[in-house]
Enquirer: 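Provided herewith is a single structure, encoded as C-alpha cells, for subsequent inquiry.
Naming: A, B, ... by sequence-line order, numbering from 1 per chain.
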Protein chains: 2
Amino acid sequence: MNDAAPISILIADDHPLFLKGLREIIEQESEWRVCGSAQDGQDALDQIVDTSPDIAILDINMPRLDGLAVARYIHERHLSTAIIILTMYDDELLISRAVSCGVKGFIIKESAIDDIIAGVETVARGGYFLSPRLSGRLFHGSSEHHILQNVVRMELTKMERKVIRLVSEDLTTRDIAEKLFISPKTVENHRSNICKKLKLHGKNALLRYVLEHKETLQRILQEC
Amino acid sequence: MNDAAPISILIADDHPLFLKGLREIIEQESEWRVCGSAQDGQDALDQIVDTSPDIAILDINMPRLDGLAVARYIHERHLSTAIIILTMYDDELLISRAVSCGVKGFIIKESAIDDIIAGVETVARGGYFLSPRLSGRLFHGSSEHHILQNVVRMELTKMERKVIRLVSEDLTTRDIAEKLFISPKTVENHRSNICKKLKLHGKNALLRYVLEHKETLQRILQEC
DNA sequence: TTTTTTCTGGGGGTTATCCCCTATATTGCT
DNA sequence: AGCAATATAGGGGATAACCCCCAGAAAAAA
C-alpha cells in the first residue's frame, strides 16, 4: 500500500446519508481517493466505464440499475474495476449470485467502520472479502435460500417456473391456464409436479410455500 | 435559531456508516452540536437521561432497545428531549405507533440530506416533521396497515382474532378446532365472519390475505 | 437415431375452503 | 328485564387445490 498513486474508489448508494458516511470513511485514509459518487446504478456504471476506478463500492438496492447488474456488466466485459457490494441484509442467495457476478467483496452495512475499511483494503490488495457476520453462515449447509436456488432454478423446468411464478402472483389454476394458453388440466399437472419436486404435501401447500417465499421467489424468477 | 447556545443532539444508529453520515451532516450546521452517539437503544436512553439533549435522533431498529421503546420511555416521563425517529421503510403502522409514543419527527433514511436537515430544524423549532414520501401516503385514506389495525383490532372479536392468528400459523380449520376445543364448524363460521369483515372473497382468500400480512398480523395479535 | 425429458391433455377422486342458511346459549349493556 | 352482540353448532352446496393414474406430441439429449 505504499504506491505513489492513491487508490481511486467510486461509491454509489441511493441513501445520501450512507454516501456521506462512506465518503468520510474513505477520505480518512490517505492512500484512498473518492473519484466519484452516484445515487443510482446507471450513473455508477457510466462513471466506472469513463474513469475506470480501482474499486467501486455499490449498494445492492439502487434505482435504474441495481448493484449486481452493474457488477455483471463489469465482469462480462473484463473491466479492471473491482466491485464491492454493500447490503443491508445477510442474504446468502445474494452472496452466491454476487460471486457469480464477479464481485470481490461483500460488506454488510451494519459492519463496524474498521471492518469496512479492512474489506476495502483486502479487495484493494486483490483479495476477496466477506463481512464476518456473513461468512459465518455461508458454510452452514442448506439455508432456505440455497434450497430455493437449487430447487427452483435447477430442478424445475421452464414451464414449471412460469407456473410457480404465476401462482405467487395470486393467480388461480384457471387464470394461469388462460394466461399461458394451455389447458387448466396441464397447469394442474405442472402444479402437481412442482409439489412433488418441492416435497410439498397437503391442501394449499404450494400456495403457502409460495406466499411464504414470495419476495425471494420473484427475485429468482425474474427471467420468466 | 440565533441562540447563543447550540442545539444539542444525540444520535443513535446501529449502523456505523449511518452514524458517521449523520454526524457529518449535523456538524456542518454551526448551531447544532452532536452531544453523544450510541449504537443501541439502551445506551442512547442512558445518555438521554444523563445529558438531556434537545433532540435525539434514533434509528428504529437497534439492539437491546428499539427506537420506539426509547421514545415511549422519554414520553412517559415527560423528559424534555424531542425524539426524531429514523427508519428505512415507510411503514404507516410504525408512524402511527411512533406518534403515540410522542415522537416529533419521522424521517425516512433515503431522504435527501436537505430534507433531513429540514426535519431536524423543524423539530428544533418545536414543530413536527414527516418525510415528504411518508406524509403523502399518510393522509391517503385507508392504507394497508390502517386496515389491519382498525379491522383486526377493532372489528374482529376475541375469538375471531384467535382464529385468524392460528390461520396465519398455517393451521387448518380442523387443527384450529382441536386447539380451541370447539367444533370445526364453529371455526368455519368464524372464518366466514372474518372474511366478511375483511371483505375477502374467493377460494383461499383468507389464507392469501393472512400470509401476505403475516408479520404485521402477528405483531398486532401478540396478545391473543 | 434412439432415448429421455418435458409439455401437453385427460379421468376420477379426496379434501379444505368459502358461502349461504338456521338456531341456541351466553355474555354484556342499557 | 330486555336487547344486541358474540360464541357455539350444524345443513348443504360450490369450487379450487391436491393427488393418483394414463398417454400422445414435442423437444432436448444421448
Enquirer: Round to a whole Å and report the spacing from CG of Leu207(B) to C1' of dA17(D).
Expert: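 Nearest whole value for this atom pair: 11 Å.
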Enquirer: Can you see if the side chain of Thr157(A) gets near the phosphate of dC7(C) - specifically, an N or O under 4.0 Å from OP1 or OP2?
Expert: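 Answer yes for this pair, as a side-chain N or O of Thr157(A) is under 4.0 Å from OP1 or OP2.
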Enquirer: On DNA chain D, does the nearest nucleotide to Ala205(A) precede the nearest nucleotide to Ile182(B) from the 5' side, or the other way round? Give the residue.
Expert: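 Comparing both residues, the 5'-ward one is Ile182(B).
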Enquirer: Going by atom types only, do Asp46(A) and Gln42(A) share a side-chain donor-acceptor pair under 3.5 Å?
Expert: yes
Enquirer: Checking contacts here: which listed nucleotide (dT8(D), dG10(D), dC19(C)) is nearest the side-chain heavy atoms of Thr186(B)?
Expert: dT8(D)
Enquirer: Any sub-3.5 Å donor-acceptor pair from Asp66(B)'s side-chain atoms to Ala69(B)'s backbone N or O?
Expert: yes
Enquirer: Output the residues of residues 188-196 of chain B in contact with DNA chain C, where contact means a heavy atom of the residue under 4.0 Å from an atom of the strand; sort by number or write none.
Expert: Glu188(B), Asn189(B), Arg191(B), Cys195(B)
Enquirer: Apply salt bridge (Lys or Arg N to Asp or Glu O under 4.0 Å) to the pair Glu160(A) and Lys197(A), showing each step before the final yes or no.
Expert: CA-CA 10 Å; Glu160(A) 285 164 354; Lys197(A) 288 182 178 177; 2.8 Å; yes
Enquirer: Does OP1 or OP2 of dA16(D) have a side-chain N or O of Arg208(B) closer than 4.0 Å?
Expert: no
Enquirer: Which of these nucleotides, dG9(C), dG10(D), dA9(D), is closest to any side-chain atom of Lys185(B)?
Expert: dG10(D)
Enquirer: On DNA chain D, nearest-nucleotide positions of Asn204(B) versus Leu180(B): which is more 5'?
Expert: Leu180(B)
Enquirer: Measuring from atom CG of Leu211(B) to atom CG of Leu211(A), what distance do you get when rounded to the nearest 0.5 angstrom?
Expert: 5.0 Å
Enquirer: For residues Leu86(B) and Ile57(B), determine if any side-chain heavy atom of one lies less than 4.5 Å from a side-chain heavy atom of the other.
Expert: yes
Enquirer: For the pair made of CZ in Arg174(B) and P in dT14(C), what is the distance, rounded to whole Å?
Expert: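 The answer, rounded to whole Å, is 15 Å.
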Enquirer: For residues 178-188 of chain B, which residue pairs pass the side-chain hydrogen bond (donor to acceptor under 3.5 Å, both in side chains) check, not counting sequence neighbours?
Expert: none
Enquirer: When you get a sec, tell me which of dC19(C), dA7(D), dC18(D) is the closest nucleotide to the side chain of Met159(B)?
Expert: dA7(D)
Enquirer: Please state whether the base of dG28(C) and the side chain of Lys158(B) form at least one donor-acceptor pair under 3.5 Å?
Expert: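 Side chain to base: no pair below 3.5 Å.
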Enquirer: When you compare the side chains of Asp43(A) and Gln39(A), does any donor N or O come within less than 3.5 Å of an acceptor on the partner?
Expert: no
Enquirer: Quick one: Leu156(B) CG to dA5(D) P, roughly how many Å, whole number?
Expert: 16 Å
